[in-house]
Amino acid sequence: MIALDFKKESGLITTVIQDARTQQVLMVAYMNAESFERTLATGETWFWSRSRQTLWHKGETSGNIQKVQSIAVDCDADTLLISVLPAGPACHTGHTSCFYRAYARKE
């Protein structure tokens with residue numbers, strides 16, 4: 001078992017969520033030890049809301065839950081990559097991914 005490093009960012013670990021079918025990055029969120037344990041226990045993603053300072057279950061209000069397919073840990077054990085089967089859009093705006101806007105550099 002890999003020991004995750006929740007200490008670097010105030011007890012939080014960066015978590016990248018990716019669609020298991022398309023490999024598209026859906027969102028980036030944060031987990032603390034409790035949300036990680038709930039994710040493992042339920043097979044659905046749970047996160048720590050930095051703005052609300054509370055746990056949240058993805059899809060709790062929208063129904064757009066994310067079924068965990070696999071979890072990978074980076075080399076420093078401070079970032080997770082979670083592959084999911086999403087039940088709907090990941091973004092609160094209704095977009096499939098939170099990364100729906102292209103950045104245009106000013107010339």
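Hydrogens, waters and symmetry mates play no part in the numbers below; they use all other heavy atoms, side chains included.
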Is there a side-chain contact between [X] and [Y] in this structure, where contact means two heavy atoms from C-beta onward sitting under 4.5 Å apart?
{"X": "Lys58", "Y": "Ile65", "value": "no"}
{"X": "Ile82", "Y": "Thr15", "value": "yes"}
{"X": "Lys67", "Y": "Thr45", "value": "no"}
{"X": "Ser35", "Y": "Leu55", "value": "yes"}
{"X": "Met31", "Y": "Leu12", "value": "no"}
{"X": "Gln53", "Y": "Trp48", "value": "yes"}

Reported CG-to-OG1 distance for the pair Leu81 and Thr14, which is rounded to 0.5 angstrom: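 These two atoms lie 12.0 Å from each other.
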If you take all heavy atoms of [X] and [Y], which pair is closest and at what distance?
{"X": "Asn64", "Y": "Ala87", "result": "OD1-O, 4.0 Å"}
{"X": "Ile71", "Y": "Phe36", "result": "CD1-CE1, 4.2 Å"}
{"X": "Pro86", "Y": "Asp19", "result": "CG-OD2, 3.4 Å"}
{"X": "Phe6", "Y": "Ile13", "result": "CE2-CG2, 3.2 Å"}

Candidate list Glu44, Arg38, Gln66, test side-chain hydrogen bond (donor to acceptor under 3.5 Å, both in side chains), partner His57, passing option: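 Answer to the side-chain hydrogen bond (donor to acceptor under 3.5 Å, both in side chains) test with His57 among Glu44, Arg38, Gln66: Glu44.
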Flag, side chain of Asp76 to backbone of Asp78, donor-acceptor distance under 3.5 Å: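 Looks like no, no N/O pair under 3.5 Å.
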For Tyr103, the rest of its hydrophobic cluster, which grows through side-chain links under 4.5 angstrom: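 Once heavy-atom contacts under 4.5 Å are chained together, Tyr103 still belongs with nothing else.
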Audit row: Trp56, Phe47, ring pair (Phe, Tyr, Trp, His ring centres under 6.0 Å) steps and yes/no: CA-CA 5 Å; Trp56 61 281; Phe47 303 104; 5.0 Å; yes
ILVMFWY network linking Val68 to Val73, side-chain heavy atoms under 4.5 angstrom: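 In one cluster: yes.
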Single-linkage hydrophobic cluster Leu40~Ile17, side-chain heavy atoms < 4.5 angstrom: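 Same hydrophobic cluster.
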Give every donor-acceptor pair under 3.5 Å between a side-chain atom in residues 21-29 and any protein atom, sequence neighbours left out.
unit_1	atom_1	unit_2	atom_2	d
Thr22	OG1	Gln24	N	3.2
Gln23	NE2	Ala20	O	2.8

Ring pair (Phe, Tyr, Trp, His ring centres under 6.0 Å) contacts in which one or both residues fall within residues 58-95, not counting sequence neighbours: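 Checked against ring pair (Phe, Tyr, Trp, His ring centres under 6.0 Å) - neighbours excluded - the pairs reaching residues 58-95 are His95-Tyr100.
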